[in-house]
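This report concerns only the one structure given below.
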2 protein chains.
Amino acid sequence: MTDPNNTNSPLRPLRLAEQAPLTLSLVEQIAARLSERIVTGAYAPGQRIMEQAVADEFQVSRGPVREALRLLEKDGLVTILARRGALVTKLSIDEVREIFDIRAMLNGLRDRAIAEDPDRARHLPLLEKSVADLTRLARDAAQGDAYVEAVASLNRLLGQMLSNRRLKSILDSLALQTLRYSQLGLSTPARRRQSVQHWQKLLKAIREGDGVAAEQIARQRVNDSRDAAIARLREAEKKQETQQESLRRRAA
Amino acid sequence: MTDPNNTNSPLRPLRLAEQAPLTLSLVEQIAARLSERIVTGAYAPGQRIMEQAVADEFQVSRGPVREALRLLEKDGLVTILARRGALVTKLSIDEVREIFDIRAMLNGLRDRAIAEDPDRARHLPLLEKSVADLTRLARDAAQGDAYVEAVASLNRLLGQMLSNRRLKSILDSLALQTLRYSQLGLSTPARRRQSVQHWQKLLKAIREGDGVAAEQIARQRVNDSRDAAIARLREAEKKQETQQESLRRRAA
DNA sequence: GTCAAGAAGATTGTTGACAATCTGACAATA
DNA sequence: TATTGTCAGATTGTCAACAATCTTCTTGAC
């Protein structure tokens, strides 16, 4: 499989803890590499990840790999079964819906908190610029990927404006888990135009300090993403079924 | 009580994985024991937990202890600092408020989902009985602890009625983190009478399938708990300050 | 008396080896 | 043919030792 392994090389060069708090520990480096492979699909859902294989690849012992897998489990990216090891988490459509439902509530809480923050004016210019970027990208049908990236950037910005660290941490984790699916919801120009309207309304609510409106808009936005993502997943599932059927027919 | 395993002794006897999925792995046993000590206050907030000491006590090596501490970190019970080890998490009043804010939203989602579940009638009898118990206990000022336990039991029941497993898992984790503080909110008979009214209204909303009302009630209930807990924490903080002051005066 | 530098001890991070368990294949039996 | 038993290989669980790092105490200079 051409397994490119991306930039595959030992992790050793980056030694940890040279006093700067920005260096990642060995465990975190391993977790980051594995995380990327899962989110990008290089590791397929359901695939087994074996400790020794990862340890050999990165030229470390199994200990840190083991801990890294536990970190990924915390973020829901892998599922660890006793005596069976780690599997890349495979979400059913119902589970995707459940995660989006939680995100809708918590994004509502986040955006309300931001809109009601007396100190929010400090971040408003950046926010205005970010939404303007989004508006520009939404007009160009060719800029699908750039739009997705801009939405992610906007969400990071909102995360920075949020004082509730625990909420931010939960939201980050849930977003990571559905990253593979969220983008499905922004795959058509029509959806992106709808999306940008939501963001414009949210910006207005924040500017005016209208927390109730901000919460309402956030919930609606996530629910729309959810419905779009689920519709796409249903299509993909149907397609896969017919493929399997044709395979079976060929085998018979 | 009655429990069991509360005694302090080596964990060895219970070997793991005798095919039954109910046996706890060594790591989970250690995590459960440590978790209990933190929640009950046997380990004080801010206290350091050292791997070797725990390993010696339970007569295992540091490996499983290390993993158990990571599990507790996932639940927010300990905070792990690089090269410094694990500390029992110490929550500021603001952090307690933040957690309660998240719980309010997610309990709202939970109770709405339950009220809108077409299959909810199956659990209604148990729920009715549980609220009736609560009503009875609320009348008796001497039954404070029993009331707290009954509320916990009712919450467990609602958790079982919930199909969204991820929501349940997040709620369980948040509840565990604030367990030391939630009880503060039910410490007076007046508060318990207010609490039982909320539960009665929630029961009615679930019976009638009124999801919006259920959500509204849940949020209000958690917000009330939050305010009561915070008021108590403020008192405790003030008391501690005066104590420290008198200590300082004595030293001088 | 206060502060800085350095040494000693304590603690976490990492490793490789061994033990326990699981998986899958093959053979024996009904 | 289908079911059960056994075995070998693979994989995770656990351990003890070593390395890297942090903390604390001592020492010395100002």
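Throughout, protein chains are lettered first and strands after them, A, B, ... in sequence-line order, and every chain is numbered starting at 1. Owing to the predicted nature of the structure, the values given are computational and were not obtained by experimental measurement.
- Electrostatic pairing of A:Glu51 and A:Arg62 counts as a salt bridge here, judged by a charged N lying under 4.0 Å from a carboxylate O.
- For B:Arg62, taking side-chain heavy atoms from C-beta onward, the closest of the listed nucleotides C:dT12, D:dC15, C:dT21 is C:dT12.
- Checking B:Arg112 against B:Asn107 by side-chain atom types alone, no donor-acceptor pair falls below 3.5 Å.
- A donor-acceptor pair shorter than 3.5 Å cannot be found between the side chains of B:Arg103 and B:Asn223.
- Toward the 5′ end of DNA chain D lies the nearest nucleotide of A:Ile80, the other residue of the pair B:Ala82 and A:Ile80 mapping further downstream.
- The side chain of A:Arg83 lies closest to C:dT21, out of D:dC15, C:dT21, C:dT15.
- Taking atom CG of residue A:Asp56 and atom P of nucleotide D:dT11, one finds them 11 Å apart after rounding to whole Å.
- Comparing D:dT11, C:dT11, D:dA20 by their nearest atom to the side chain of B:Arg48 picks out C:dT11.
- Rounding to whole angstrom units, CG of residue B:Leu81 and P of D:dC22 are separated by 12 Å.
- The separation between A:Leu87 atom CG and D:dT11 atom C1' is 13 Å, rounded to whole Å.
- For B:Val27, whose side chain is taken as the heavy atoms from C-beta onward, the closest listed nucleotide among D:dG13, D:dT14, C:dG13 is D:dT14.
- For A:Arg84, a side-chain nitrogen or oxygen approaches OP1 or OP2 of C:dT23 to under 4.0 Å.
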| task | Could you walk me through whether A:Arg110 and B:Glu98 pass salt bridge (Lys or Arg N to Asp or Glu O under 4.0 Å), step by step? | result | CA-CA 11 Å; A:Arg110 178 193 71 179; B:Glu98 290 175 358; over 6 Å; no
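- Atom CZ of B:Arg66 is separated from atom P of D:dA16 by 16 Å (rounded to the nearest Å).
- Counting to the nearest Å, the C1' atom of C:dG16 and the CD atom of A:Gln52 are 10 Å from each other.
- For the pair A:Gln29 CD and C:dG13 P, the interatomic distance rounds to 14 Å; values are reported in whole Å.
- Along DNA chain D, the nucleotide nearest B:Gly63 and the nucleotide nearest A:Met50 are compared for position; the residue whose nucleotide lies closer to the 5' end is A:Met50.
- Taking 4.0 Å as the cut-off between side-chain N and carboxylate O, A:Glu67 and B:Arg66 count as a salt-bridged pair.
- In this entry the distance linking CD of A:Glu67 with P of C:dT12 reads 12 Å, nearest Å.
- Within the nucleic acid shown, A:Gly85 comes within 4.0 Å of sugar-phosphate atoms alone, with no base atom in reach, counting heavy atoms only.
- Distances from the side chain of B:Glu51 to the nucleotides C:dG13, D:dG13, D:dC15 place C:dG13 closest.
- Residue B:Arg70 places at least one side-chain N or O under 4.0 Å from the OP1 or OP2 atom of C:dG13.
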